[in-house]
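If you read the sequence from its start, that first residue is 1, and numbering goes on from there.
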Amino acid sequence: MTAQRYSVNQYLIETIMTWVKSGEIAIPEIQRPFVWEAAKVRDLMDSLYQGYPVGYIIAWRNPSVKLKDGGMAEGKKILIDGQQRVTALRAAIGGQQVVNQDYRTVRIRIAFHPLDERFEVANTAIDHDKSWIADIGPVIRGDTKTHKVVRQYLDANPDADEDLLYDRLDKLTDILKKQIGLIELSHDLDIETVTEIFIRINSKGVVLSQADFAMSKIAANEEFGGNTLRKAVDYFCHLAVAPEFYSVIEENDKEFAATDYFKAMRWLRQENEDLYDPGYSDMLRVAFTSRFNRGKLADLVGLLSGRNFETRTYEKDIEEASFQNLHDGVMEFINETHFKRFLMIIRSAGFVDKSMIRSGAALNFAYSLYLKLKRDHGNEPRIESWVRRWFAMSVLTGRYSASPESRMDKDIKDINERGFTDVLADREAAELSDTFWEVGLVQGLRTSSVNSPLFKAFLAAQACLGDKGFLSKDITVRDMLTHHGDIHHIFPREFLKKQGYTRGQYNQVANLACVQQEINIKIGSKNPVDYVADIFQHCQSGLPLYGVITDPDELAANFQANALPQDQNLYHIDHYEDFLARRREAMAEKIKRYYQKL
């Protein structure tokens, strides 16, 4: 019979708030900003007043850890679901300020109309209306005695019924005696099990990621600076998207603004680069993988709890070392030189626009790899080439598209144990053989998805090799990708639709090429056999109709750069499938040459 590794109990609101205040329940301070509207706080108070159920909160008990002196420290409960409700209670009853979605510190006051038994969010009008108690917090907490509130209310509202007032205020203060469910999960449950429990219990079916658990673990730790570390992760990710947020932190979180974390991310205040805008999950994964030589965030949660993977015990020394190691990883991540150098490497591989990067996992591992190689090899000049090559290999093979954590875990461990060059050579031999280049890649390009990683790799190859756009003399593919230029159908879409071709047929990526808008407009929906003949003919006459190329050798080079066959017969509608087959082979050959050059 399977043992039950959780408990479900009802506790008084008063008890829950006492546990939070004492630290028995460690609510991660501002783990995520308080996203509830003030009206929802009001509704929560009204539900408690009316005696309605308000759901469950879920806590996951930390394991007890072995101290340096041999003693044991009792594990605290970490709140992993219900933070918004508990924060709402602390705001409305405890009078504590909250950090809203704009990361501004605000005070939420809930007002109560004792005669009508109504709750509202306090505002200026209510503050001046004597029929309202403008803030229920002091009354429920007992800071202001009930008899004093009744006396003051009767002085302002002499027609009010004194007995009714006492009855309503007693009911209000009884909110602390109302119950809320607490599901406490055992410390020895793994993250996957906890996640499954969470999803089954949570009526909204919200997905709780392993990064969320890690953030909870980090934010709830005060002993080793976890909450400040959590803020560093959150603030950096927010600044990467909204640099103007810098002044908000300076103004509203002066304590954090004085930390080394904030000084290290100061460069973001004038940064508008959007090739890599990491979320907190990305940042944790990179910092963890690069510093711990592991790829599974479940292991990070264990290490931050002090887990010894060999003895299966929990030790304070391991907990402390893990927080320090993660701190170092985060500082490396946010370092301006590291971050910008890494993005330069990705751009130099031809991935010049964020729309070209379809695998966040591949990008994260590449940054982890860069940070590790920099730490292990210093200024080794081959690092940039190594990272470019690994990233391109990951994109081409879809390395991290399935079971990414397991792949990352194996890769980083192999690289740590055997060295990068040996591991890369093995991966290339296994996955980038001649069969891949000549068969697998060609077949993979048989797709109508412009978001195909292989098509993005072809565009990256063109950007990296400095190719000009189709029929362009000066404008490069890199320029077009950076400025979101046109993608042209070699066999025009409208032309193929009139011939009865389906979307999946006319949108084949082998039918697409980067082209200047004005050239695309001139070609329009013309029959390709006609406009291609015109291109070669007008090139001979020196009066080009499409683009400005007039030299036959330059035209031939342009067709080759865009992996287009020069056999004009292939542009006849009867040979459309042959055209696609020939171009796929040429595209694959270009990608191969590009990869070998990295």
Side-chain angles (χ1 to χ4, degrees), residues 17 19-35 57 59-63 65 73 75-84 86-91 94 96-106 208-239 245-246 248-265 278-281 283-284 287-288 291 297 300-306 316 318-331 333-334:
M17 294 188 68
W19 283 348
V20 170
K21 186 176 181 180
S22 67
E24 170 64 17
I25 289 183
I27 176 173
E29 181 190 351
I30 331 168
Q31 175 197 346
R32 302 252 61 77
F34 186 64
V35 298
I57 60 177
W60 188 14
R61 180 173 285 279
N62 264 342
V65 296
K76 296 180 179 180
K77 304 180 184 75
I78 292 182
L79 195 64
I80 62 170
D81 184 45
Q83 180 189 336
Q84 299 294 312
V86 173
T87 302
L89 290 171
R90 296 171 77 193
Q96 297 187 8
Q97 294 181 317
V98 299
V99 175
N100 65 15
Q101 287 177 292
D102 296 322
Y103 289 85
R104 297 184 183 278
T105 302
V106 297
L208 197 66
S209 71
Q210 294 185 359
D212 291 321
F213 284 115
M215 286 289 273
S216 293
K217 182 73 70 173
I218 294 165
N221 181 282
E222 297 178 1
E223 186 176 3
F224 303 122
N227 183 54
T228 306
L229 176 59
R230 192 282 313 160
K231 285 184 178 181
V233 174
D234 231 6
Y235 284 161
F236 182 92
C237 296
H238 198 75
L239 278 171
F245 178 61
Y246 183 86
V248 176
I249 301 175
E250 273 193 319
E251 179 183 345
N252 293 285
D253 197 344
K254 297 186 183 302
E255 183 178 354
F256 182 81
T259 65
D260 290 339
Y261 290 120
F262 191 59
K263 294 173 185 175
M265 64 179 74
Y280 65 91
S281 177
M283 194 167 172
L284 283 180
F288 171 61
R291 290 295 307 191
L297 278 184
L300 174 60
V301 175
L303 288 164
L304 294 177
S305 300
K316 180 63 71 174
I318 293 177
E319 180 184 358
E320 182 177 5
S322 297
F323 269 95
Q324 181 61 50
N325 214 9
L326 184 60
H327 157 82
D328 294 342
V330 168
M331 289 298 287
F333 185 106
I334 67 181

Nearest non-hydrogen partners of [X] and [Y], listed with the distance:
X      : Y      : answer
Arg230 : Ala219 : CG-CB, 3.6 Å
Val330 : Ala232 : CG1-CB, 4.5 Å
Met283 : Cys237 : SD-SG, 3.9 Å
Ile249 : Phe256 : CG2-CD2, 4.0 Å
Leu300 : Ala214 : CD2-CB, 4.2 Å
Leu326 : Ala287 : CD1-CB, 4.1 Å

What about Tyr246 and Phe262, are their ring centers closer than 6.0 Å?
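Yes: the rings meet the under 6.0 Å criterion.
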So, taking the atom named [atom1] in [X] and the one named [atom2] in [Y], what distance separates them when rounded to the nearest 0.5 Å?
X      : Y      : atom1 : atom2 : value
Ile318 : Asn325 : CD1   : CG    : 12.0 Å
Ser305 : Lys316 : OG    : NZ    : 10.0 Å
Gln324 : Leu229 : CD    : CG    : 10.0 Å
Glu223 : Glu320 : CD    : CD    : 7.5 Å

Between Lys231 and Glu255, does at least one N-O distance fall below 4.0 Å, as a salt bridge requires?
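Salt bridge absent between Lys231 and Glu255.
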Is there a side-chain contact between Lys263 and Asp260 in this structure, where contact means two heavy atoms from C-beta onward sitting under 4.5 Å apart?
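Yes, close enough: below the 4.5 Å cut-off.
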Starting from the C-alpha separation in whole Å, work towards a yes-or-no answer on side chain to side chain contact (heavy atoms under 4.5 Å, CB included) for Met331 and Asp328.
CA-CA 5 Å; Met331 289 298 287; Asp328 294 342; 5.7 Å; no
Please state whether the rings of Phe323 and Phe224 are parallel, tilted or perpendicular, taking 30° and 60° as the class boundaries.
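Rings of Phe323 and Phe224: tilted, as their planes differ by 30° to 60°.
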Check step by step if side chain to side chain contact (heavy atoms under 4.5 Å, CB included) holds for Ile218 and Tyr280.
CA-CA 12 Å; Ile218 294 165; Tyr280 65 91; over 6 Å; no
Would you check, one step at a time, whether the test side chain to side chain contact (heavy atoms under 4.5 Å, CB included) holds for Asn221 with Leu304?
CA-CA 9 Å; Asn221 181 282; Leu304 294 177; over 6 Å; no
Quick one: does any side-chain atom of Asn252 pair with a main-chain N or O of Val248 as donor and acceptor, under 3.5 Å?
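Pair found, side chain donor or acceptor close to backbone of Val248.
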Do Tyr261 and Tyr235 pass the side chain to side chain contact (heavy atoms under 4.5 Å, CB included) test, and can you show the C-alpha distance, the side-chain angles, and the key distance before you say yes or no?
CA-CA 10 Å; Tyr261 290 120; Tyr235 284 161; over 6 Å; no
Determine whether more than 12 heavy atoms belonging to other residues, nucleotides or ligands lie under 6.0 Å from atom CD of Glu222.
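No, CD of Glu222 has 12 or fewer neighbouring heavy atoms, counting only those of other groups under 6.0 Å.
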